[in-house]
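Notes follow the structure.
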Amino acid sequence: MSAYHDFAYFYDGFNVEADYEALHRFIKDCFKSHGIQNGIVADLGCGTGELTLRLAQDGYDMIAVDGSEDMLAILNDKRYDLEQGASILLLQQDLTQLDLYGTIVGAVSTFDTFNHIGPLEQLKQAIGRVGLFMEKGGIFVFDMNTPYKHREILANNTFTLEDEEAVCIWHNQLEEDAGRTRIDITIHYEGEDEPFKESFYEYIYPLEQVQKICEESGFSILQILDGEQFGPLCPTSQRAIFVGEKILECQS
C-alpha cells in the first residue's frame with residue numbers, strides 16, 4: 001500500500017474540488033439511519049483528516065488511520081486548531097495489518113484508499129481486518145475508483161495541478177494485464193532546484209468482486225451508489241460508494 005510523503009503537503013490543494021460537505025452528509029445520514037448516533041468510528045486512509053474532523057464534530061470518537069506519517073502530521077495540526085484533539089486517536093498503520101485494539105461501530109474510507117491496496121489477496125486481508133473489529137450491526141462506508149475511470153479517465157493521461165507554491169505533474173500508465181494503473185508524481189516546488197518524485201499503483205477491481213470480498217468478511221452490502229452524485233450507478237460512474245452492514249459477530 002502506498003503512503004504519501006511530500007505529496008501529503010500538496011494533497012489538500014489537489015483535492016480542492018472535492019465536495020467534503022456532501023460526502024460528510026451522506027456518511028452521517030448512513031450512520032444515523034442505522035441507529036449509530038455516537039461511538040467509535042475509524043477513518044481508514046484518513047489523509048489530512050477533512051472527513052475525520054467533521055465526524056468528530058458530530059460527536060463520534062474517531063480513530064484516524066493512515067500509512068503516511070506526513071498525512072497524520074497535517075491532521076494533527078488541524079485537530080488542535082479546531083479543538084478536536086481529545087476525540088481523535090491517530091494511528092500510523094498499513095491497513096492490511098489494521099489493529100484497532102477494540103471494536104468499532106462504524107468505519108469510513110474515502111477517495112479510493114482501497115484501490116491503493118493490492119494485489120487481490122492484500123485487499124481481502126484489509127477488508128477482513130475491518131470486519132474483525134466491527135461490531136455486529138456496525139456500518140462500513142467506503143468508495144473506490146471504478147474500472148471505467150481507470151480505463152477511460154486515468155488511462156495513460158497526464159494531468160498538471162498547480163497551487164501558489166508548487167506544480168504537480170501527475171502521469172498515469174494503465175497496466176491492463178496486471179489489473180492496475182501506475183501513477184508517477186513529480187512536484188516542482190518554487191525556489192527548489194530538484195523536484196520531488198513519487199510512484200505508486202492503484203488496482204482495478206470489478207465492483208462485484210469487491211462486494212463478494214465484503215460478504216466473505218461478514219458484511220451485507222446494502223447499497224452501491226455513484227460516489228460523486230450519491231445516486232444510482234451508471235456505466236460512466238467514476239467512483240462507486242459501498243454501504244455495508246456487519247451481520248456477523250466480531251471474532252476478536
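Among residue pairs with one or both ends in residues 206-218, none qualify as salt bridge (charged side-chain N to carboxylate O under 4.0 Å, His left out); sequence neighbours excluded. The list of salt bridge (charged side-chain N to carboxylate O under 4.0 Å, His left out) pairs with a residue in residues 113-129, not counting sequence neighbours, reads Glu121-Lys124.
Taking Arg151 as the reference, Glu176 meet the salt bridge (Lys or Arg N to Asp or Glu O under 4.0 Å) condition, with sequence neighbours excluded. Shown here are the salt bridge (Lys or Arg N to Asp or Glu O under 4.0 Å) partners of Lys149, two or more places apart in sequence or in another chain: there are none. Take Gln37 and apply the side-chain hydrogen bond (donor to acceptor under 3.5 Å, both in side chains) test, not counting sequence neighbours, and it matches Lys32.
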Check residues 219-232 and write down every donor-acceptor pair under 3.5 Å in which the side-chain atom is one partner and the other belongs to a residue at least two apart or another chain.
unit_1	atom_1	unit_2	atom_2	d
Asp226	OD1	Glu228	N	2.8
Asp226	OD1	Gln229	N	2.8
Asp226	OD2	Ser237	OG	2.7

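In this structure, Tyr201 and Tyr203 have tilted ring planes: the angle between them lies in the 30° to 60° band.
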* Asked: Given the rule in the ring pair (Phe, Tyr, Trp, His ring centres under 6.0 Å) test, do Tyr101 and Phe133 qualify, once you have shown the distances and angles that lead to the verdict?
  -> CA-CA 8 Å; Tyr101 312 110; Phe133 293 100; 8.0 Å; no
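To the nearest 0.5 Å, the span separating CD on Glu165 from NE2 on His188 amounts to 16.0 Å. Rounding to the nearest 0.5 Å gives a distance of 6.0 Å between CG of Leu154 and CD1 of Ile183.
Pairing each heavy atom of Ile241 with each of Leu23, the nearest pair is CD1-CD1, 4.1 Å.
Between the Asp94 side chain and the Thr96 main chain, a donor and an acceptor come within less than 3.5 Å of each other.
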